[in-house]
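A short worksheet on the structure shown next.
Only a predicted model underlies this, so the values are computations on that prediction, with no experimental measurement involved. Basis for what follows: all heavy atoms, side chains included, without hydrogens, waters or symmetry-related copies.
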Amino acid sequence: MLIYMSMIDSDEDKDLFEGLYLKYRKHMKYIALQILGDEYLAEDAVHNAFLKIITHLEKFHKIDCQETKNLIVIFIRSTAIDLYRKRKREFEHTDTLDQDIPVEADFSAVNVADILSAIETLPEIYRDVLLLKIEYEY
């Protein structure tokens, strides 16, 4: 909280920001967690959203009103979505690197009888699906 306060000049803005922080931080984390699915990423999103709120503090007039709550939700949703997209791009980039490596598989030593006996040991639901796929090409 001290880091945020050091970024704000006037006492009125500090009081306003402190009120926003205390009232909405848990709600913001909840929204970010719903979008990101990871607690640590949600905390990062809340932190980044508060940094954005500091730069747009003039848009907030009251702490406890629907307009303020709507603005807070917009800030945290856009920040969490941006973080989600960034992580997704990074994941896709590393995933394409893994796909460039050719995988050579040698199935010449596979015994069909062993595979069928392994399929027979599966529960009926899974066994039926595999047999329909392999044997009947469904």
Side-chain angles (χ1 to χ4, degrees):
M1 179 86 141
L2 292 174
I3 295 170
Y4 299 128
M5 292 300 196
S6 67
M7 299 174 68
I8 303 171
D9 295 329
S10 73
D11 289 336
E12 293 172 1
D13 287 344
K14 286 181 181 182
D15 291 339
L16 175 65
F17 182 79
E18 183 179 6
L20 292 173
Y21 181 83
L22 293 175
K23 179 157 179 72
Y24 295 107
R25 65 185 167 164
K26 291 179 183 177
H27 185 64
M28 291 171 71
K29 186 174 178 183
Y30 174 78
I31 292 170
L33 190 59
Q34 294 299 311
I35 294 170
L36 296 167
D38 181 77
E39 190 167 342
Y40 297 111
L41 289 177
E43 289 174 4
D44 287 346
V46 170
H47 171 71
N48 292 338
F50 274 120
L51 292 175
K52 288 180 184 178
I53 288 170
I54 288 173
T55 61
H56 297 285
L57 208 51
E58 72 278 356
K59 293 183 180 181
F60 298 93
H61 304 290
K62 294 180 184 177
I63 294 172
D64 195 20
C65 70
Q66 190 61 40
E67 182 182 356
T68 299
K69 186 175 182 177
N70 292 342
L71 281 171
I72 294 284
V73 169
I74 289 169
F75 273 101
I76 190 61
R77 282 181 54 206
S78 64
T79 304
I81 290 170
D82 289 345
L83 188 59
Y84 175 81
R85 287 178 181 155
K86 180 181 175 188
R87 301 284 291 188
K88 185 177 176 183
R89 277 193 307 269
E90 290 172 358
F91 178 74
E92 287 173 353
H93 178 68
T94 58
D95 193 33
T96 57
L97 293 176
D98 293 339
Q99 290 177 357
D100 294 340
I101 302 170
V103 177
E104 295 182 20
D106 182 21
F107 294 109
S108 61
V110 175
N111 187 354
V112 176
D114 291 338
I115 293 174
L116 290 175
S117 65
I119 289 174
E120 291 298 323
T121 62
L122 291 173
E124 185 177 357
I125 296 171
Y126 303 118
R127 183 176 57 236
D128 291 344
V129 171
L130 280 174
L131 289 175
L132 286 171
K133 174 69 177 161
I134 295 170
E135 203 170 312
Y136 300 110
E137 297 180 4
Y138 283 10

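Going from atom NZ of Lys29 over to atom CZ of Arg25 covers 10.0 Å, rounded to the nearest 0.5 Å. Here the CG atom belonging to Asp44 is positioned 8.0 Å from the NE2 atom belonging to His47, to the nearest 0.5 angstrom. Lys14 contributes atom NZ, which lies 11.0 Å from atom CD1 of Ile54 (distance to the nearest 0.5 angstrom). Here the OG1-CZ distance, from Thr55 to Phe75, works out to 6.5 Å after rounding to the nearest 0.5 Å. Taking OG1 of Thr79 as the start and CD1 of Ile74 as the end, the distance is 11.0 Å to the nearest 0.5 Å. Annotation: the span from Phe60 atom CZ to Leu20 atom CG amounts to 6.0 Å, rounded to 0.5 Å.
Applying the salt bridge (charged side-chain N to carboxylate O under 4.0 Å, His left out) criterion to Lys23, with sequence neighbours excluded, gives Asp64. Partners of Phe50 by ring-ring contact (aromatic ring centres under 6.0 Å, His included), not counting sequence neighbours, listed by chain and number: Tyr4, Phe17, Tyr21. Here Lys52 pairs with Asp82 under the salt bridge (charged side-chain N to carboxylate O under 4.0 Å, His left out) rule; sequence neighbours left out.
Heavy atoms of other residues, nucleotides or ligands lying less than 6.0 angstrom from OH of Tyr84 number 12 at most. With a 6.0 Å radius and a threshold of 12 heavy atoms from other residues, nucleotides or ligands, Gln66 has its CD atom above the threshold. Dense packing is recorded around CG of Asn70, with more than 12 heavy atoms of other residues, nucleotides or ligands lying under 6.0 Å away. Remark: Glu124 CD is loosely packed, at most 12 non-hydrogen atoms of other residues, nucleotides or ligands lying under 6.0 Å away.
Side-chain heavy atoms closer than 4.5 Å link hydrophobic residues (I, L, V, M, F, W, Y) into clusters, and following such links, possibly through other members, connects Val46 to Leu57. No continuous path of hydrophobic side-chain contacts links Leu33 to Tyr24 [ILVMFWY only; heavy atoms under 4.5 Å].
Between Glu67 and Lys62 no salt bridge is recorded (no basic side-chain N to carboxylate O distance below 4.0 Å).
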After noting the C-alpha distance and the side-chain angles of Ile35 and Ile81, does the key distance pass the side-chain contact (heavy atoms from CB on, under 4.5 Å) rule?
-> CA-CA 7 Å; Ile35 294 170; Ile81 290 170; 4.2 Å; yes
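Contact between Leu36 and Ala80 at its shortest, heavy atoms only, is CD2-O, 3.4 Å. The nearest pair of heavy atoms linking Ile63 to Gly19 is CD1-CA, 3.5 Å.
Contact check for His27 versus Val73: side-chain heavy atoms found under the 4.5 Å cut-off. Side chains of Ile53 and Ile72 form a contact here, defined as non-hydrogen atoms less than 4.5 Å apart.
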